[in-house]
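Protein chains get the first letters and strands the later ones, always in sequence-line order, with residue 1 at the start of each.
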Number of protein chains: 2
Amino acid sequence: MNKTKKRSDCPISNSLDIWGDKWSLLIIRDLMFAKECTYGDFLKADERIATNILASRLQALEENKMIEKLDHPDSKVKVLYRLTKKGIDLMPVLIEIHLWAEKYFPIPEDRKAMLKEVKKDKAGFIKAKSKELMG
Amino acid sequence: MNKTKKRSDCPISNSLDIWGDKWSLLIIRDLMFAKECTYGDFLKADERIATNILASRLQALEENKMIEKLDHPDSKVKVLYRLTKKGIDLMPVLIEIHLWAEKYFPIPEDRKAMLKEVKKDKAGFIKAKSKELMG
DNA sequence: AAACATTACTTGCAATATGCAAGTAATTAT
DNA sequence: ATAATTACTTGCATATTGCAAGTAATGTTT
């Protein structure tokens, strides 16, 4: 979306300039749950992102060092995407969004289970999951 | 922005449907720092939101019970906006965004000071600040 | 009391972004 | 050799954004 033009020097604003649209955090969400995704994997998500939007978001997120491309072990046509450290570091944000949403929306069962774990030991959960994604 | 149409039953997606655009969280940020703002106060923010966009976001946030209108004590032309409980409950999200941004952007001094306090006792900070905003 | 200033919006319109359907190039499978 | 996958790109209609200007209700000044 945006061409790295900062609207102000506010950290919230700076952050939104990178991933503050309706789609970017969903891509990041998919990568946090799946660790690695192909283009086709993203398209399978319930929200039904359009292919052109997906391509433009992947490019922007890559330019902003939130995600990176990898060679797929099985094929040269396939591309694997995964989170960088910068992307993984967004986990606390995603978790707090989940915890907020839990108060105000009905939550699917698998997410409830995850949040139960989170509540037992938030720092521990983040550390373990981040390590998993870095691997 | 959106007319309450949910794209999926994912809590992240549901959340973004409400405040997942480039402006809504900035409005919420202003209200977290200032507790109460007039229309004109929002316009003063560094990001320079357009008046029509501000009006549409305020309306959407109100419809979604994130903010509410109050009578201004000084005048009938002025309107005060403030966060509801639902809006205040986003504080952990805003804080985690700040903490993430701190790692990847230069941060203004006043925010640095705030984050220092946050790091001393995150839960305590949120509790105290939330209470302040509820008052 | 008339004139001017504030405040919170609304309106019109050009520019940009989104969403949908279809197309393409490089592999990979049959 | 032919067909299928995969990761995109392109064209175009629709929706959203951003800018400038306008307006209605109140408040202030002379």
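When rounded to the nearest whole Å, the span between CD of Glu36(A) and P of dA7(D) equals 13 Å. Distance CG (Leu58(B)) to P (dT7(C)): 16 Å, rounded to an integer number of Å. In this structure, the CG atom of Asp41(B) is 15 Å from the C1' atom of dC9(C), given to the nearest Å. Between Lys5(A) atom NZ and dA17(C) atom C1' the separation is 12 Å, expressed in whole Å. Leu43(A) has its CG atom 13 Å from the C1' atom of dG19(C), to the nearest Å. Between Ile27(B) atom CD1 and dC9(C) atom C1' there is a gap of 14 Å when expressed in whole angstrom units. Computed from coordinates, the Arg57(B) CZ to dA8(C) C1' distance equals 17 Å when rounded to whole Å. Between the CG atom of Leu54(B) and the P atom of dT17(D) there is a distance of 13 Å, given to the nearest Å.
Evaluation of the side-chain hydrogen bond (donor to acceptor under 3.5 Å, both in side chains) rule for Lys35(A) yields no partner, not counting sequence neighbours. For the side-chain contact (heavy atoms from CB on, under 4.5 Å) test, residues two or more places apart in sequence or in another chain that qualify with Asp46(B) are Ser8(A), Asp9(A).
The main-chain N or O of Lys65(B) is found under 3.5 Å from a side-chain atom of Thr84(B) such that the two form a donor-acceptor pair.
Within 4.0 Å of Tyr81(B), counting heavy atoms only, lie sugar-phosphate atoms of the nucleic acid but no base atom.
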Polar-atom pairs under 3.5 Å, protein N or O versus N or O of nucleotides 25-30 of chain C: list them with distances, or write none.
unit_1, atom_1, unit_2, atom_2, d
dT28(C), OP1, Ser75(A), OG, 3.3
dT28(C), OP1, Lys76(A), N, 2.2

Could you list the donor-acceptor pairs under 3.5 angstrom formed between side-chain atoms of residues 120-135 of chain A and any protein atom two or more places apart in sequence or on another chain?
unit_1, atom_1, unit_2, atom_2, d
Asp121(A), OD1, Gly124(A), N, 3.0
Lys122(A), NZ, Glu96(A), OE2, 2.5
Ser130(A), OG, Ile126(A), O, 2.7

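Between Arg57(B) and Asp21(B), at least one side-chain nitrogen of the basic residue sits less than 4.0 Å from a carboxylate oxygen of the acidic one, meeting the salt-bridge criterion. Remark: Lys5(B) does not engage Asp17(B) in a salt bridge, criterion side-chain N to carboxylate O under 4.0 Å.
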Scan nucleotides 18-23 of chain D nucleotide by nucleotide, 5' to 3', and note B when protein non-hydrogen atoms come under 4.0 Å of the base, S if they reach only the sugar-phosphate, - if neither.
BBBB--
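Between Leu61(B) and Ile27(B), some side-chain heavy-atom pair lies under the 4.5 Å cut-off. Two residues are said to be in side-chain contact when any heavy atoms from C-beta on lie closer than 4.5 Å; Arg29(A) and Cys10(B) meet this criterion.
The hydrophobic cluster around Leu80(A) extends to Leu70(A), counting ILVMFWY residues whose side-chain heavy atoms fall within less than 4.5 Å of a member.
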